[in-house]
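Report on one structure; see the data block that follows.
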Amino acid sequence: MNSTTPVGNASAPEQALLPESSAHPAAGNAALCDAASAAAGRAISPALYNLDLAPTKREGRRWTGYSIFTLWANDVHSLGNYAFAVGLFSLGLGGWQILVALGIGAALLFALLNFSGFMGHKTGVPFPVMSRISFGIRGAQLASLVRGAVAVAWFGIQTFLASVVFRVMLVAMFPGLKELDGNSILGLSTLGWLTFVALWIIQLVIVSFGMEMIRKYEAFAGPVILVTMVLLAAWVFFEAHGSIQWTGIKGLEGAEMWRTIFAGGALWVSIYGTFVLNFCDFTRSSASKQSIVRGNFWGIPINMLVFGAIVVILAGGQYKINGTVIESPSQIIESIPNTFLLVLACLAVLILTIAVNLMANFVAPVYALTNLFPKHLDFRKAAWVSGTIGLVILPWNLYNNPLVIVYFLGGLGALLGPLFGVVMADYWLLRRGKVDVPALYTEDPDGAYFYKKGVNPKAITAMVPAAAVAILIAFVPALEAVAPFAWFFGAGVAAIAYYLVSDRKQRHADVSGEPIAVASTH
């Protein structure tokens with residue numbers, strides 16, 4: 001990645017070529033920063049700038065509306081989301097009530113993701129750099145590390161869950177392998193280790209080729225999983241003789257019914273609390289604002305209604321078949337009597353889980369690590385570091401420990417709402433979308449985003465009480481009735497607090513990052 005790299009406009013006289021044989025990443029990065037400094041007319045710091053953190057040039061951006069749609073085509077149809085939505089059926093919501101709950105969540109997500117995505121399109125920077133605007137060039141490490149830590153843990157957990165499906169598929173194809181699935185090595189069987197490591201390597205190889213390869217994989221995986229889930233729903237509908245459980249199994253009515261519906265919609269937004277935060281990691285390479293809106297429209301409200309319909313058929317149809325409530329579509333897949341069809345369904349689930357992991361749980365920690373060590377880590381090296389962490393934490397043990405999931409990952413997740421509130425209030429309400437992009441990469445004490453020693457104390461002041469509110473609402477039993485709305489309380493309190501403590505009369509410069517931008521290879 002340290003070969004010839006253009007910085008700025010093609011005709012800029014300051015344009016430089018990096019050394020062809022840089023012995024160390026820092027050498028190439030220093031040359032890149034020198035070229036960027038000359039183009040910007042200010043000192044660009046190697047501690048804040050490299051090929052992966054630099055803004056992307058507008059010309060040559062490849063992410064179209066279809067690219068963004070396929071992100072959602074994969075992520076919305078993840079096994080975790082199906083488990084959540086089927087859980088609404090267990091809570092007593094019927095078919096139309098589940099669709100209303102998902103529709104409310106989809107409408108809110110569509111708006112939030114557009115606002116978040118427009119930020120990435122305008123500036124061309126990833127989330128760790130974007131958060132420098134409100135938290136400062138050093139304080140931004142907090143925001144990116146919280147997001148990255150949640151993602152690393154879930155990367156390992158999702159890889160483990162995919163390996164379970166892989167094991168089911170292999171045993172169905174080669175029954176003799178079941179003998180390798182009875183022992184335990186650090187909590188995982190021999191077959192478990194083989195399948196986990198195989199999927200781990202596959203994902204790391206894909207990520208090693210950068211965001212462009214992720215875009216291509218998502219485009220391939222999206223149609224596969226959509227077709228698979230539609231066929232699975234059709235099979236259940238046929239087995240149920242065209243009859244599904246349309247009404248709730250607990251007969252919820254009145255205020256309790258509507259509270260559960262709105263709680264379901266709020267939790268649906270909370271699930272995507274990670275994504276609305278760092279959606280700019282993807283839209284920084286979007287071709288236009290229109291492509292973001294189109295991709296989000298077809299991928300969020302439309303795709304989520306299709307998702308909801310599939311959920312209603314799977315859960316309601318299975319209930320009609322044998323009176324049981326499934327926990328996940330994987331239970332239906334395991335019950336498929338035909339080995340060939342079982343293998344095909346397992347393959348589709350594996351393709352899906354890898355796609356979800358790549359975009360939801362890999363990109364964020366990669367950028368967070370690159371932001372921590374820009375002189376030493378590029379996208380590929382950060383991917384291997386992130387993946388290694390996801391392996392050594394033995395994620396299957398985390399998954400099997402409810403306290404870790406609820407208190408550690410849940411606690412970190414509760415911080416995402418306040419982070420989002422501060423970032424959005426700062427960008428849209430105070431700055432009105434005006435950003436001095438080159439200043440995001442300078443350590444000049446007089447720089448717009450240096451604040452106090454690189455940290456914006458007002459952002460921290462707003463975030464701490466908001467995080468406390470979100471955590472209390474999420475975990476205090478007496479507040480269980482409003483717990484599903486914890487993300488909104490955290491985001492709202494943080495946004496209001498930040499707006500009130502900030503200088504609302506300050507004038508902000510709007511400076512393009514094009515002079516220091518690099519070709520959009522992400």
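Only heavy atoms go into these numbers, but all of them, side chains included; no hydrogens, no water, no symmetry mates.
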Check your understanding: Between Asp436 and Arg42, is the closest basic N to carboxylate O distance under 4.0 Å?
Key -> yes
**Study point:** Phe275 ring center within less than 6.0 Å of Phe282 ring center
**Key:** yes
Practice item. Take Tyr498 and Leu429 through the side-chain contact (heavy atoms from CB on, under 4.5 Å) test and state the conclusion after the steps. Key: CA-CA 10 Å; Tyr498 186 74; Leu429 298 181; over 6 Å; no
Practice item. State, to 0.1 Å, how close Gly105 and Val269 come at their nearest heavy-atom pair, and which atoms those are. Key: O-CG2, 3.8 Å
Check your understanding: Hey, what do you get for OH (Tyr451) to OG (Ser134), rounding to the nearest 0.5 Å?
Key -> 6.5 Å
Review point. Do Ile137 and Tyr441 have side-chain heavy atoms sitting under 4.5 Å apart?
Key: no
Review point. When rounded to the nearest 0.5 angstrom, what is the spacing between CG in Asn361 and CH2 in Trp154?
Key: 8.5 Å
Practice item. Could you go through the side-chain contact (heavy atoms from CB on, under 4.5 Å) check for Trp428 and Phe118 one step at a time? Key: CA-CA 11 Å; Trp428 290 109; Phe118 291 163; 4.1 Å; yes
Practice item. Would you sort out whether Leu267 and Trp487 count as a side-chain contact (heavy atoms from CB on, under 4.5 Å), showing the intermediate values? Key: CA-CA 8 Å; Leu267 286 170; Trp487 187 91; over 6 Å; no
Check your understanding: Within the side chain of Arg132, is there an N or O that forms a donor-acceptor pair under 3.5 Å with the backbone of Leu48?
Key -> yes
Point to revise | Test item: Leu416 and Thr274 side chains (from C-beta on) under 4.5 Å apart, heavy atoms | key: yes
Check your understanding: Is the backbone of Gly94 close enough, under 3.5 Å, to the side chain of Gln97 for a donor and an acceptor to pair up by distance?
Key -> yes
Practice item. Measure the CG-OG distance between Leu204 and Ser386 for me, rounded to the nearest 0.5 Å. Key: 8.0 Å
Revision key, fill the gap. When Val312, Ile98, Val311 are each screened for side-chain contact (heavy atoms from CB on, under 4.5 Å) with Val86, the one that passes is Val311
Point to revise | Residue pair Leu71 / Met359: nearest heavy atoms and the distance that separates them | key: O-CE, 2.7 Å
Point to revise | Heavy-atom pair with the smallest gap, counting every atom of Gly222 and Ala73 | key: CA-CB, 4.1 Å
**Study point:** Exam field: side chain Asp281 to backbone Phe127, donor-acceptor pair closer than 3.5 Å
**Key:** yes
Practice item. Would you mind reporting whether Asn456 and Tyr449 have side-chain heavy atoms less than 4.5 Å apart? Key: no
Check your understanding: Do Arg504's NZ or CZ and the ring of Tyr499 fall within the cation-pi criteria of under 6.0 Å and 45°?
Key -> yes
Revision key, fill the gap. When rounded to the nearest 0.5 Å, the distance separating CE of Met304 from CD1 of Ile300 is 4.0 Å
Practice item. Would you mind checking if Arg431 and Asp426 are paired as a salt bridge, meaning a charged N to carboxylate O distance below 4.0 Å? Key: yes
Exercise for review: Compare every heavy atom of Pro418 with every heavy atom of Met463, then report the nearest pair and how far apart it is.
Suggested key: CG-CB, 4.0 Å
Exercise for review: Evaluate the criterion side-chain contact (heavy atoms from CB on, under 4.5 Å) for residue pair Asp503 and Leu430; output intermediate values, then yes/no.
Suggested key: CA-CA 8 Å; Asp503 182 2; Leu430 295 176; over 6 Å; no
Check your understanding: Around atom CZ of Phe373, are there more than 12 heavy atoms of other residues, nucleotides or ligands at under 6.0 Å?
Key -> no
Exercise for review: Using ring-ring contact (aromatic ring centres under 6.0 Å, His included) as the criterion, point out the one residue from Tyr66, Phe110, Phe279 that pairs with Trp72.
Suggested key: Phe279
Study note, to complete from the structure: Applying ring pair (Phe, Tyr, Trp, His ring centres under 6.0 Å) to His121 and not counting sequence neighbours gives none
**Study point:** Note, Met211 side chain near Met213 side chain (heavy atom, < 4.5 Å)
**Key:** no
Point to revise | Exceeds 12 heavy-atom contacts within 6.0 angstrom, atom CD of Glu256 | key: yes
Point to revise | Validation row: Leu419, Leu277 side chains within 4.5 angstrom (heavy atoms) | key: yes
Review point. Under 3.5 Å, is there a donor-acceptor pair between the side chain of Ser116 and the main chain of Leu113?
Key: no
Review point. Between the side chain of Thr56 and the main-chain N/O of Arg284, is any donor-acceptor distance below 3.5 Å?
Key: yes
Review point. Are side-chain N/O atoms of Glu218 and Ser67 paired as donor and acceptor at under 3.5 Å?
Key: no
Study note, to complete from the structure: The reported gap from CD1 in Ile157 to CD1 in Ile393 (rounded to nearest 0.5 angstrom) is 7.0 Å
Review point. Any sub-3.5 Å donor-acceptor pair from Ser288's side-chain atoms to Ser291's backbone N or O?
Key: yes
Point to revise | Short side-chain donor-acceptor distance under 3.5 Å, Asp378 and Thr370 | key: no
Exercise for review: Report yes if the side chains of Tyr427 and Phe115 come closer than 4.5 Å at any heavy-atom pair, otherwise no.
Suggested key: no
Check your understanding: Any donor and acceptor pair, going by atom type alone, linking the side chain of Ser144 with main-chain N or O of Pro128 inside 3.5 Å?
Key -> no
Revision key, fill the gap. Nearest heavy-atom contact between Cys33 and Ile44 is CB-O, 3.7 Å
Point to revise | Check: Asn50/Asn29 side-chain N/O donor and acceptor closer than 3.5 Å | key: no
**Study point:** Aromatic plane relationship, Trp268 with Phe307 - under 30° parallel, 30 to 60° tilted, over 60° perpendicular
**Key:** parallel
Practice item. Answer yes or no: is there a side-chain heavy-atom contact under 4.5 Å between Ile310 and His77? Key: yes
Revision key, fill the gap. With Val437 as partner, the option from Val129, Thr123, Ile133 fulfilling side-chain contact (heavy atoms from CB on, under 4.5 Å) is Thr123
**Study point:** Minimum side-chain heavy-atom gap Leu53-Pro126 below 4.5 Å
**Key:** yes
Practice item. Give a yes or no on whether the ring-centroid distance for Phe297 and Phe69 is below 6.0 angstrom. Key: no
Check your understanding: Under a 4.0 Å N-O cut-off, is there an ion pair linking Arg215 with Glu212?
Key -> yes
Revision key, fill the gap. Nearest heavy-atom contact between Pro365 and Ala151 is CD-CB, 3.5 Å
Check your understanding: Take atom CH2 in Trp384; do more than 12 heavy atoms of anything else shown fall under 6.0 Å from it?
Key -> yes
Point to revise | Thr442 side chain to Pro438 backbone, donor-acceptor under 3.5 Å | key: no
Practice item. Determine which pairs satisfy salt bridge (charged side-chain N to carboxylate O under 4.0 Å, His left out) with at least one residue from residues 112-129, sequence neighbours left out, and list them in order. Key: Lys122-Asp510
Check your understanding: Going through the checks in order, is the side-chain hydrogen bond (donor to acceptor under 3.5 Å, both in side chains) test met by Asn81 and Tyr272?
Key -> CA-CA 10 Å; Asn81 284 351; Tyr272 283 89; 2.9 Å; yes
Review point. Between Ser208 (side chain) and Arg380 (backbone), is there a donor-acceptor pair under 3.5 Å?
Key: no
Point to revise | CG on Asn74 to CG on Leu226, rounded to 0.5 Å | key: 8.0 Å
Check your understanding: When the ring planes of Trp258 and Trp96 are compared, do they come out parallel, tilted or perpendicular, using 30° and 60° as the limits?
Key -> perpendicular
